[in-house]
Structures are given as C-alpha cells and as structure tokens.
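What follows is a set of notes on a single structure, which appears directly below.
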Amino acid sequence: MFFTLFNPPLPLLSVMEGPRPVVLSGPSGTGKSTLLKKLLKDYKGVFGFSVSHTTRDPRPGEVDGKDYHFRNREAMQEDIDTGEFIETDEFSGNLYGTSKCAVQDVRAKGLICILDVDIAGVRHIKESDLDPIYVSIQPPSIEVLEERLRGRATETEEKIQSRLEAARIDMEECSPLHAVDNEFSFLFLHSSVIGNEPGLFDIVIVNDDLDESYEKLQSVLKEEIMKVQQGIKS
Ligand SMILES: Nc1ncnc2c1ncn2[C@@H]1O[C@H](COP(=O)(O)OP(=O)(O)OP(=O)(O)O)[C@@H](O)[C@H]1O
Ligand SMILES: Nc1nc2c(ncn2[C@@H]2O[C@H](COP(=O)(O)O)[C@@H](O)[C@H]2O)c(=O)[nH]1
C-alpha cells in the first residue's frame, strides 16, 4: 500500500496519451542516427530519443545514458529476465534492447518518442501496444551503404561484414521494388506496394540525398509534430 502511495507505478504504455511514437529502422549505416539527430536538434521540445541498452562498447564521443545505456551482458540479461524490456535483439554479436522506462520517460514529457531499432525490433514492437509510425530508412544500394559504413570508421572489418550481411536481408525484405526518382516517388515508396513483407512499414525512405530524405521524414511526421507544437502554444 505504502509503495503504491509514494511510488506510483508508471502508467502502462497502452494508457499513455500523447503523440504517436516513431520507429526508425533500416540497415546499419543507412543514416538513421543522422536523421534523428537532425529532428532532435531542429525540434527541441517536440521529440525525445528512446535511449536503448546495448552490450557493445561505446564509440568515441558516445555518452552513456545519452546515446545508449552501455551494459555488460550479465547486467543486461538480468534486466531482460525481470521483464524490463519491450523488445531485445542480438545484432552483430551484441545485445540491444528498448526498455519500458526509456519509452515511458519520453512519453511522460508529452514528446514524440523516437526509437531506432533493427528489423527484429520492429517485429517485436508490432506485438506490443505501442502503436508507433514505422519508418524504414534504406540506402540507395549496398555499395553506397558499404561506403558509408567504412566512411564512419567505427567498425572492424569483421563487424562491417556482419552488418553488410544483415543489411542484405533487411534490404531484400524492405527495399522498394522501383526506387524511382520522380514527382510520385514519395507516394510510391509507401510500403503497401513494396517489399516482401507488405505493411511492415508505413513508409520507406531511400536515403540518397540527406536533405531530401529529411524533408520526407518531416512530412511523414507533420501531423504528430503539429500536435505537440499546438500543445506547447496552448
Ligand atoms: N544521405 C547521406 N549521404 C551521405 N552520407 C550519409 C547520408 N546519411 C548518412 N550519411 C553518413 O553515413 C554514415 C552512417 O550514418 P548513421 O551513423 O546515421 O547510420 P545509422 O543508420 O544510424 O547506422 P547504425 O544503425 O549503425 O547506428 C555517417 O557517417 C553519416 O554521416
Ligand atoms: N532491436 C533493437 N535494435 C536496436 C536498438 N538500438 C539500436 N538498435 C539497432 O542496432 C543496430 C546497430 O546499432 P549501432 O549503434 O551499434 O550501430 C542498428 O540497426 C540499430 O537500429 C534496440 O533497442 N533494439
């Protein structure tokens, strides 16, 4: 009884009101973090990042609690076993996961919660009651993706190969059949007409030109952005 009075439990994800969360997914190196960091910078007080847990080592410049919660495998496994995660996955030799707290912390502030997860994470989240907008960010080609991964200079050769292998599967399942560049491409890239798993994503954006991709992303999220901005004004 005392526990309930002084430490009220966080509301269940399903009964939390507010804007819909956004899930960004797509192969490693395709540009998800670049795009989401732009959103966080340009829309202060509108978006909040769901900080995932991972067992991988921090890269230079990454901050614990901001980019990820960096944990050893034993500690993360304990938290998984006690049911603290919405979803987890093993990717390229490391565990990654979205904790319930990571999402609740952002949503409790009335912000649009952005999650960056791999394709297995997308499938797990589909089984939850989160109801996000699902956005797939795809590279123009595997060659361009490899260039970006190498250019980022964060991975060993072995990790580059394992990420490219995962990317080939991701691209096969999600890539547009016709990544045409015309006035209709934006509509054309809706996932109802593409990929081996129709309906997995609400929209697929081929991240060739960064500015164009960012425009498309903002336009997909316009309604949710406006909800939060109107809430701030009133
Ligand atoms: N449209 C683009 N054109 C050229 N380079 C890009 C573009 N988008 C992103 N990049 C570059 O590609 C590299 C990978 O981008 P980023 O780290 O954002 O990918 P990611 O999808 O978040 O990868 P991961 O899933 O591994 O975290 C970075 O060096 C980034 O600057
Ligand atoms: N299923 C989940 N996947 C996640 C999560 N956080 C990140 N990721 C994905 O992992 C890979 C690699 O990320 P990196 O930072 O090591 O390059 C990438 O595809 C991310 O989308 C998560 O919580 N769950």
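Remember, it's 1-based here, ligands and their atoms both numbered in the order they're listed.
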Give the numbers and elements of all ligand 2 atoms closer than 4.0 Å to a heavy atom of [X].
X	result
G97	22 (C), 23 (O), 24 (N)
D89	1 (N)
K32	19 (O), 21 (O)
G121	1 (N)

Checklist entry - Who else is in the cluster with M76 when I, L, V, M, F, W and Y are joined by side-chain contacts under 4.5 Å? => result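 Reading the cluster by chain and number, M76 sits alongside I80, F85, L95.
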Does the side chain of [X] reach to within under 4.5 Å of the side chain of [Y], using non-hydrogen atoms?
X	Y	value
I86	H124	no
D202	V135	no
P27	Q138	yes

Please write down residue, atom name and distance for the protein heavy atom closest to [atom].
atom	answer
atom 4 (C) of ligand 1	R148 NE, 3.6 Å
atom 15 (O) of ligand 2	Y68 OH, 2.6 Å
atom 23 (O) of ligand 2	S52 OG, 2.6 Å
atom 18 (O) of ligand 1	T34 OG1, 2.5 Å
atom 8 (N) of ligand 1	N207 ND2, 3.1 Å
atom 25 (O) of ligand 1	K32 NZ, 2.7 Å
atom 26 (O) of ligand 1	S28 OG, 2.6 Å
atom 8 (N) of ligand 2	D116 O, 3.5 Å
atom 17 (O) of ligand 1	R152 NH1, 2.9 Å

Roughly how far apart are [X] [atom1] and [Y] [atom2], rounded to 0.5 Å?
X	Y	atom1	atom2	result
D105	F49	CG	CZ	13.0 Å
H69	D64	NE2	CG	7.5 Å
C101	E84	SG	CD	6.5 Å
N207	T34	CG	OG1	7.5 Å

Item to check | Residue P27 vicinity, atoms of ligand 1 by number, heavy atom under 4.0 Å | outcome: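 Contacts of ligand 1 toward P27, numbered from 1: 21 (O).
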Ignoring hydrogens and geometry beyond distance, is a side-chain donor-acceptor pair present between [X] and [Y] at under 3.5 Å?
X	Y	value
N94	T55	yes
E157	Q161	yes
R56	T54	no
S92	S162	yes

Item to check | Residue that, paired with L39, satisfies side chain to side chain contact (heavy atoms under 4.5 Å, CB included) out of L217, V22, V46 | outcome: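 For L39, the side chain to side chain contact (heavy atoms under 4.5 Å, CB included) test succeeds with only one of L217, V22, V46, which is L217.
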Out of [options], indicate the one that has the non-hydrogen atom closest to [atom].
atom	options	answer
atom 17 (O) of ligand 2	R59, E155, K159, E62	R59
atom 22 (C) of ligand 2	H53, R163, R56, E87	E87
atom 23 (O) of ligand 1	P140, G29, G31, S33	G29
atom 1 (N) of ligand 2	D118, I86, T54	D118

Checklist entry - For ligand 1, is there an atom lying under 4.0 Å from some heavy atom of G26? => result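 No, that is not the case, since the closest heavy atom of the residue is not under 4.0 Å from the ligand.
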Next on the checklist: So for R163, does at least one of its heavy atoms come nearer than 4.0 angstrom to any atom of ligand 1?
Outcome noted: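 Distance cut 4.0 Å: R163 passes for ligand 1.
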Next on the checklist: Tell me the contacting part of E90 for ligand 2: side chain, backbone, both, or neither, using a 4.0 Å heavy-atom threshold, strictly below.
Outcome noted: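 It is neither; nothing of E90 touches ligand 2.
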Checklist entry - Which is it for H124 and ligand 2 at heavy atoms under 4.0 Å: side chain, backbone, both or neither? => result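 No part of H124 is near ligand 2 at this cut-off.
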Next on the checklist: Heavy-atom pairs closer than 4.0 Å: do any link ligand 1 to the side chain of S213, the backbone, both, or neither?
Outcome noted: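 Under 4.0 Å from ligand 1, S213 contributes no heavy atoms.
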Next on the checklist: Below a 4.0 angstrom heavy-atom separation, can you tell me which part of D208, side chain or backbone, both or neither, approaches ligand 1?
Outcome noted: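 It is the backbone that gets close, since no side chain atom is under 4.0 Å.
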Item to check | N or O contact, F91 vs ligand 2, cut-off under 3.5 Å | outcome: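 It does not: no N or O of F91 is found under 3.5 Å from an N or O of ligand 2.
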Checklist entry - Any nitrogen or oxygen of R59, main chain or side chain, under 3.5 Å from a nitrogen or oxygen of ligand 1? => result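 Looking only at distances, the answer is no, because the N/O contact criterion of under 3.5 Å is not met.
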Item to check | Over-ring placement of K41 relative to F47, 6.0 Å and 45° cut-offs | outcome: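 No - K41 does not lie over the ring of F47 by the 6.0 Å and 45° rule.
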Next on the checklist: Could you go through E147 and R152, starting from their C-alpha distance and side-chain angles, then the distance that decides it, and tell me whether this counts as salt bridge (charged side-chain N to carboxylate O under 4.0 Å, His left out)?
Outcome noted: CA-CA 8 Å; E147 263 172 43; R152 194 172 68 183; over 6 Å; no
